[in-house]
Amino acid sequence: MCGIVAYIGHREACPIIIKGLKRLEYRGYDSAGVALLNGDLNVYKKKGKVSDLQAFIGDKDTHSHIGMGHTRWATHGEPNDSNAHPHYSSSGRIAIIHNGIIENYASLKTLLQSKGFTFYSDTDTEVFINLIEDIQNENNCTLEEAVRLALHEVVGAYAIVVLSKEEPNQLIAARKGSPLVIGVGKDEFFLASDATPIIEYTNEVVYVNDYEIVVIKDGKLNIKTREDVPTTPYIQTLQIELDSIEKGGYEHFMLKEIFEQPRSIHDSMRGRLVAASNHLVLGGFLEFEKKFVKAKRIIIVACGTSWHAGLVAEYLIEDLARIPVEVEYASEFRYRNPIIKEGDIVIAISQSGETADTLAAIELAKSKGATIFGICNVVGSSIARASDAGAYTHAGPEIGVASTKAFTAQVTALTLLAMMIGSKRGTIEDSKLRQLMIELENIPAKVEKALELNDKIVEISEEFKDAPNCLYLGRGYNFPVALEGALKLKEISYIHAEGYPAAEMKHGPIALIDENMPVVVIATRDSSYEKIVSNIQEVKARKGRIIAIVTEGDQVIPAMAEYVIEVPETSEILTPLVSVIPLQLLSYHIAVMRGCNVDQPRNLAKSVTVE
Ligand code: M6R
């Protein structure tokens, strides 16, 4: 939620910032703005996309070597020009960009108003910058000191960058709860919410920790704690390729990411699984092997699509490792005083590694003594760092707001984990394990085959693009897939969709079915096949329009369904990796046909760093 980027160095700052904002636009796109220091401190900001900001800037003089920019996902105050960041302080001397939420902004604002401060926006961020100014006025101190003192006053989450026209060779930044990365170049520095705006210039980065303040001044980088104690920046070298954050000829990131899945699933297994040599290793697991083997219970916390991957993992771990699993929405878990017992393991799943509720659920579980195993895609992310151990999914950057390749990579990593726990606990026979290893290795090729269905799915999408509602049904391993299919459709095409366990249909949703209701049934050949065939009959008897996802060669369902999509056969427990592909494509094409902005759906942001 909200993207921030800043630059200080020998190049022109504005083009770097604008390009960086475009890379970060997936985080929020309600408004955008830049502040540039060149004698004066000039702010340009506009409601809408970064392209609207660019048009607004036009040929204004943007010459500067220090600047910062912001792309907003509105929390306090509607999306408009005045609520857009950067925000000036009352005097116009200093300016700020902010990602996060200041929870005690209302009381601070009242206090500042009583001291004569004027506010021009509805944002908590403007309170933050005026607080800094007030502290600087009262203490007659440097900007750095004022920022440091202000951080003790604010409650909430933030990643901020502050500029002052009185201290023109300096960028100050700080973080608590919202991500912030420093790019370290030659005589230049970059700051951003993630590494994507940076890697074009340098792959040397420093991840800022909570409660740290960054001061970049006269070509030097200094990091201190909020208590003013210097820390040593830990510079890491990133392996991200520039290609992986560009569209590469596809119309949308989402489509590119759907088609990347044979490779991203393969990458999730790389070095971890080689069936021919019976090699199965998940690095992070080894550290906690004993705990996993003895675990009495596993709790999975996640949100959205990652929660759906968690549901698949519940089936996998209970099937293969025979450990009871509970899957929790992180947002509920963190507020309901959950019972955590000694020996419980909490698996936190997150593509971005920055989801605020998941992070808070981890902190809570940790405080109650649980061991945290993180499954994250973004290397160095907050959740990865807050976990005791874990496994990266290695799907590569996911830019489309609708999660696709991250889901299949999460399911792949979780399958490897379930196989490892099962093999160490002796709950999975060697022959079954071997067979699964071979099957899992074959999944990328099967996903490739499922992607060949694209043209057929375009035709089906044409038929259903105007439907106001849609029901998704699945059983067993395909139940989480039904939820995921419904989520994909609603988030990018704005069609109301519900996912249900097929048997639950009779307990309510069946009342919705008539000749206008499309029902997507995921009915691959598995242990509940006969049951789901009966469910299809029930839909058909009520004239529902059935789109069935079936296993190649199915002879029964084609006679009942209006449209049939055949996916390659695989082992039942690996089915989600294949059966989700047509659902991703269906939602994508329907959204495009409805003229929706697929990569930046309304009201959404890629990573939800506020609760
Ligand atoms: O980064 P995370 O995996 O923690 O994100 C969780 C959800 O916000 C995310 O999966 C969201 O539901 C996606 N937009 C779904 O496509």
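We count residues from 1, following the sequence as given. Atoms within each ligand, like the ligands themselves, are counted from 1 in listed order.
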Element-labelled atoms of ligand 1 that are located less than 4.0 Å from some non-hydrogen atom of Glu491:
13 (C), 14 (N), 15 (C), 16 (O)

Do Tyr329 and Trp307 have ring centroids that are under 6.0 Å from one another?
yes

Quick one: do Arg270 and Asp267 make a salt bridge, cutoff under 4.0 Å?
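Yes, this pair counts.
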
Under 4.0 Å from one or more heavy atoms of Ser350, ligand 1 contributes atoms 1 (O), 2 (P), 3 (O), 4 (O)

Would you check the N or O atoms of Val608, main chain and side chain alike, for any that come under 3.5 Å of an N or O of ligand 1?
no

Please say whether Lys488 places an N or O atom under 3.5 Å from an N or O atom belonging to ligand 1.
yes

Suppose we call two aromatic rings close when their centres sit under 6.0 Å apart. Are Tyr563 and Phe464 close by that rule?
yes

Got the closest protein heavy atom to atom 7 (C) of ligand 1, with its distance?
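For this ligand atom, the closest protein heavy atom is Cys303 O, 3.7 Å.
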
Go through the structure and list residues passing side-chain contact (heavy atoms from CB on, under 4.5 Å) with Ala74, not counting sequence neighbours.
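Expected list: Asp30, Arg72, Pro79.
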
Show which atoms of ligand 1 fall inside a sub-4.0 Å distance from at least one heavy-atom site of Ala402.
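The atoms of ligand 1 under 4.0 Å from a heavy atom of Ala402 are 16 (O).
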
Going by heavy atoms, is Val401 under 4.0 Å from ligand 1?
yes

Go through ligand 1 atom by atom and flag the ones less than 4.0 Å from a non-hydrogen atom of Ser306.
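Answer for ligand 1: 2 (P), 3 (O), 10 (O).
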
Exercise: do Gln584 and Glu484 side chains pair donor with acceptor under 3.5 Å:
no

Less than 6.0 angstrom separating the ring centers of Phe292 and Phe285, yes or no?
yes

Check ligand 1 against Thr305 and write out every atom of the ligand that is under 4.0 Å from a heavy-atom position of the residue.
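Matching atoms, with element in brackets: 10 (O), 12 (O), 15 (C), 16 (O).
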
Counting non-hydrogen protein atoms only, what is the nearest one to atom 4 (O) of ligand 1? Give residue, atom name and distance.
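So the nearest neighbour among protein heavy atoms is Thr355 OG1, 2.4 Å.
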
Atom 12 (O) of ligand 1: the protein heavy-atom neighbour that sits closest, reported with distance to 0.1 Å:
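The protein heavy atom lying closest is Gly304 CA, 3.3 Å.
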
Taken in chain and number order and not counting sequence neighbours, the residues that satisfy ring-ring contact (aromatic ring centres under 6.0 Å, His included) with His85 are His70, His87

Tyr588/His252 aromatic ring centres below 6.0 Å
yes

Which ligand 1 atoms are under 4.0 Å away from a heavy-atom of Ser352?
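Every atom of ligand 1 under 4.0 Å from some heavy atom of Ser352: 1 (O), 2 (P), 4 (O).
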
